[in-house]
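Quick caveat: nothing in here was measured; it's all calculated off a predicted structure. Just so you know, ligand 1 is whichever comes first in the structure, and atom 1 is the first atom listed for that ligand. What's counted below: heavy atoms across the whole structure, side chains too, no hydrogens, waters or symmetry copies.
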Amino acid sequence: MPPLFIKVDGNDNVGIIVASEGVVSGAQDAGGLVVRERIPQSHKVALARIEITQPIVRYGQTIGYANRAIEPGAWVREEYLDLPAAPQLDEMPLATAVPASLPPLEGFTFDGFENSDGSAGTRNILGIVTTVQCVAPTVEYAARRIKAEMLPRFPNVDDVVAITHGYGCGVAINAAGAAIPISTLKHIGLHANFAAQPLVVSLGCEKLQPARLFESILPVMAEGNVIRLQDERGFAASVSAIMQAAEKRLEQLNRRRRKSVPAALLSVGLQCGGSDAFSGVTSNPAVGFAADLLVRAGASVFFSEVTEVRDAVHLLTPRAVNQSVARKLLAEMQWYDEYLAVGGADRSANPTPGNKRGGLANIVEKALGSIAKAGTTAIMDVASQGQKVTAKGLVFAATPASDFVCGTQQLASMNLHVFTTGEGSPYGLSLVPVVKVSSRTALAEKWHDLIDIDAGRIATGEADIEQVGWELFRLILDVASGRKKTWAEHWGLGNALVPFNPGPVT
Ligand code: CA
């Protein structure tokens, strides 16, 4: 018999309903709690009487204050909670509880494609980078033909991907915010999964010129690697120029072979999307366990999503490896607070209606569950918006929380992606494998051909966090090696790239 509810911390005065059909009035728990009304799955039940103005506690943390008295066994609805004030950024403990290093995990490898810059690819892809949206349909047309007419002759190349996006012109390119999309696109352009050597298609007159995008990286700018459509004689000639350049690159890429490399060459980006109240007790802690394993194996693993970290940042700054990293983390929170204020928004703009349907009352509850993905190790570094993660170990890489914006920005740094979901999202990316982890078994069953790992088994007691964490770690190595494909890859699901542009559009 699975438990009626899950209580995470001894001090919690709410529990999360486990059964997929919810519970009915009169249902009784082994401990004697009697449910007073129908409560849907993943929503909160009061475990004791909660007086008005008293804290509502989950994960041992205050997620809100009761704005009415709540009886034991009652459904603690979203509107019963008043949002607590955000943690004051100038009062944070800095590097006060740095976790001791965990014992290294030796001997874990994956079969990757070695690159000259020291990185390793998990896929061998011809990436055609664009500097501006104007050329996107032309490049997509060429990519379709390259895939159909050329790729079959190059069996060691996995795919041909047009890296198209909405940036590149009609923007204030010297405004402070422009550095973020430009840096993001540059790092995507030099991605480990296309040998760090893109083919570049430019229009000619756009603001984001190839030389600006790739700065001083000369090999990218060498003869034949950049095609300028305004130099070509019409559409057919443009497509043929792209296809000729592609053929040369495909010949080079086709000579590459997978080879066993240390797991330390993995750079894994973590994200959640469509979270529910289970995410924080099943999928995210299991991902956190796998994150600890990756750290122990010497890999980079990073979490993101500023607005989902902001309300739990007081639990993260003590874990920073030193005060300077803790201050960098706070600077990213501060930057985002100001960004939201300029737009007339605040942190209550998150969560989404789906999150609330899934039982998440507010951003504090969402944040506490979200940071479980970060495991237990020290935070070694912080990458600003658009910057590439370079440190090994656990890193915070600042991004918006929006799935497709976060994923685009994380692509600057990752060769594999782990995405947890409670409500469900068919999300995928064309450049890296996306391993999807569900927080509930009901979702994994309903979406049997989209979810790669079911962490809902943790809620029902069929598996524990450690088991699912190890399973995920091993799946990451198999997927990175090309021995397994994720469901998103199987169906060819690649979401559009949406670089975060906080700068003005002209
Ligand atoms: Ca997200």
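Residues forming a side-chain contact (heavy atoms from CB on, under 4.5 Å) with T441 (at least two apart in sequence, or on another chain): E445, D454, R457. Listed by chain and residue number, F303 satisfy the ring pair (Phe, Tyr, Trp, His ring centres under 6.0 Å) test with F396 (two or more places apart in sequence, or in another chain).
The six-membered or imidazole ring of H417 lies near that of Y427, with a centre-to-centre distance under 6.0 Å. Here the two rings, on F194 and F113, have centers that are 6.0 Å apart or farther.
For the salt bridge (Lys or Arg N to Asp or Glu O under 4.0 Å) condition, no pair includes a residue of residues 278-291, sequence neighbours left out.
In this structure, R483 pairs ionically with D111, as a charged nitrogen and a carboxylate oxygen lie closer than 4.0 Å.
Of all protein N/O/S atoms, those lying under 3.0 Å from the Ca ion (ligand 1) come to 5.
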